[in-house]
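The block underneath contains the structure these notes are about, expressed in structure tokens.
Numbers here simply count residues along the sequence, with the first being 1.
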Amino acid sequence: MKARIIDGKRIAAEMREALKERVKSLGHVGLAVIIVGENPASKVYVRNKEKACIEAGIHSEVIALPETTEQDELLERIRALNLDSKIHGILVQLPLPAHIDSRKALDSISAEKDVDGFHPFNVGSLLLGNPGLQPCTPHGVMKMLEREKVEIRGKHAVIVGASNIVGKPMAIMLLHQGATITICNSKTKDLARHTRDADILVVAVGRPNLVTGDMIKEGAVVIDVGMNRLESGKLAGDVDFESASGRASMITPVPGGVGPMTIAMLLENAVEAAARSKRG
Ligand code: GUN
């Protein structure tokens, strides 16, 4: 089988185009992004988010703080943004420097402005099946599956990686759509035994080419969340695209798959937060 490529770039572009109208009708949507320190990958992500905001007509405020910023200073900045009526969404770019307690920072963002969906209130709401703002990457994957008309109910979804940002919320979202779920982690014995049983395989671990074609069931849908910069400078996913596309029925490429969807969902969350605040 030669897999059909799921074009995340195109789907994301369509979604961003549709959002422009909603932004116009809301009048003003404001998103604040806080970045602490000089992590080069984070800087690229933040720049891309800013560009996408501008293109969608969303007011974007990037707050770049030095590596030496104290935790209290960061919390004070977040508190001020929580109270700022022109700001509807707040995102603190991860990772934060080691001397800052990331959980404390994320918890201090008002749940109504938590466009990453990382606040315990939003995590709990997702778990209970009554989602508020949802984490962008797994939400983007769900949108892709929906657009591609992938049947989820009754399928076996295997998720490799159990992070709070992707793996865990991904599992919950697929569970709510009727999939049977397996979550693998770094301690999993015989990973291939699990991945070979997946109708839908989501890989989000950050290890280039961890999953190869022989680990994939014929006809599976493969979603590669990995974004690894190789020494050559090339970007690679967690899935070996060449061998995997010989087995899968559909597959996301890297780049151009999940990545663009994450940004589109961030913009959608900012618009959703603004719409909710206007509804009161
Ligand atoms: N760093 C890597 N991925 C993410 C994300 O989705 N949100 C934030 N805030 N930081 C990240």
Say whether, by atom type as modelled, one donor and one acceptor occur between the side chain of T195 and the main chain of M215 under 3.5 angstrom.
yes
Any carboxylate oxygen within less than 4.0 angstrom of a Lys/Arg side-chain nitrogen, looking at R22 and E268?
no
Are the charged groups of K20 and E17 less than 4.0 angstrom apart, N to O?
yes
Under 4.5 Å between any side-chain heavy atoms of L235 and N228, yes or no?
no
Output yes when R10 and E14 qualify as a salt bridge under the 4.0 Å nitrogen-oxygen rule, no when they do not.
yes
Taking D116 for the side chain and P135 for the main chain, is one N or O donor matched with an acceptor at less than 3.5 Å?
no
Hey, does the side chain of H28 reach the backbone of K86 with a donor-acceptor pair shorter than 3.5 angstrom?
yes
More than 12 heavy atoms of other residues, nucleotides or ligands under 6.0 Å from CD of E218: yes or no?
yes
Assess, by modelled atom type and distance only, whether the side chains of S243 and D240 contain a donor and an acceptor separated by less than 3.5 Å.
yes
Taking a hydrophobic cluster as the set of Ile, Leu, Val, Met, Phe, Trp and Tyr residues connected by side-chain heavy atoms closer than 4.5 Å, whether directly or through intermediates, do V115 and I78 fall within one such cluster?
no
Does the salt bridge (Lys or Arg N to Asp or Glu O under 4.0 Å) test come out yes or no for K51 and E55, once each step is laid out?
CA-CA 6 Å; K51 270 199 259 173; E55 197 209 85; over 6 Å; no
Heavy-atom side-chain contact between I6 and I223 under 4.5 Å:
yes
Kindly say whether D197 contributes a backbone atom to a donor-acceptor pair with the side chain of H156 at under 3.5 angstrom?
yes
Salt bridge check, R103 against D107: does any charged N sit closer than 4.0 Å to a carboxylate O?
yes
Quick one: are I58 and L267 in side-chain contact, heavy atoms under 4.5 Å?
yes
If you measure from NE2 on H176 to CD1 on I152, what distance do you get to the nearest 0.5 Å?
12.5 Å
Quick one, M227 and Y45 - any side-chain contact, counting heavy atoms below 4.5 Å?
yes
Check for a donor-acceptor pair, side chain of K113 on one end and backbone N or O of N82 on the other, with a separation under 3.5 Å.
yes
Cluster overlap L81 with I100, hydrophobic side-chain contacts below 4.5 Å
yes
Do I159 and T182 touch side chain to side chain, with heavy atoms closer than 4.5 Å?
no
Can you tell me if NZ on K9 sees more than 12 non-hydrogen neighbours from other groups inside 6.0 Å?
no
Is L210 close to L191 at the side-chain level, that is, under 4.5 Å between some pair of heavy atoms?
yes
With the 4.5 Å side-chain cut-off for hydrophobic clustering, are V221 and I251 part of the same group?
no
May I ask you to check whether over 12 heavy atoms, not counting those of K278, lie within 6.0 Å of atom NZ?
yes
Say you draw a straight line from CD1 of I5 to CD of E148; how long is it, rounded to the nearest 0.5 Å?
11.0 Å
Do R276 and H88 have side chains that get closer than 4.5 Å, going by heavy atoms?
no
Expected output: side-chain T252 to main-chain D224 donor-acceptor under 3.5 Å:
yes
Are L19 and I263 in one and the same hydrophobic cluster, where Ile, Leu, Val, Met, Phe, Trp and Tyr link if side-chain heavy atoms are under 4.5 Å apart?
no
Hey, does the side chain of N269 reach the backbone of Q134 with a donor-acceptor pair shorter than 3.5 angstrom?
yes
Would the distance check show the side chain of D238 and the main-chain N or O of R207 forming a donor-acceptor pair, the cut-off being under 3.5 Å?
yes
Looking at Q71 and D101, would you say the former's side chain and the latter's main chain have a donor-acceptor pair under 3.5 Å?
yes
Does the side chain of F118 come within less than 4.5 Å of V123's, by heavy atoms?
no
Which value, rounded to the nearest 0.5 Å, describes the distance between T262 atom OG1 and N48 atom CG?
11.5 Å
More than 12 foreign heavy atoms under 6.0 Å from CD of E38: is that the case here?
no
Within a radius of less than 6.0 Å around NZ of K2, do more than 12 heavy atoms belonging to other residues, nucleotides or ligands occur?
yes
Are more than 12 heavy atoms from other residues, nucleotides or ligands located less than 6.0 Å from atom CZ of R196?
yes
Checking Q93 against K49: is there a side-chain donor and acceptor pair closer than 3.5 Å?
yes
Donor-acceptor pair, side chain of R247 and main chain of G213, under 3.5 angstrom:
yes
Under 4.0 Å between a Lys/Arg side-chain N and an Asp/Glu carboxylate O for R47 and E50?
no
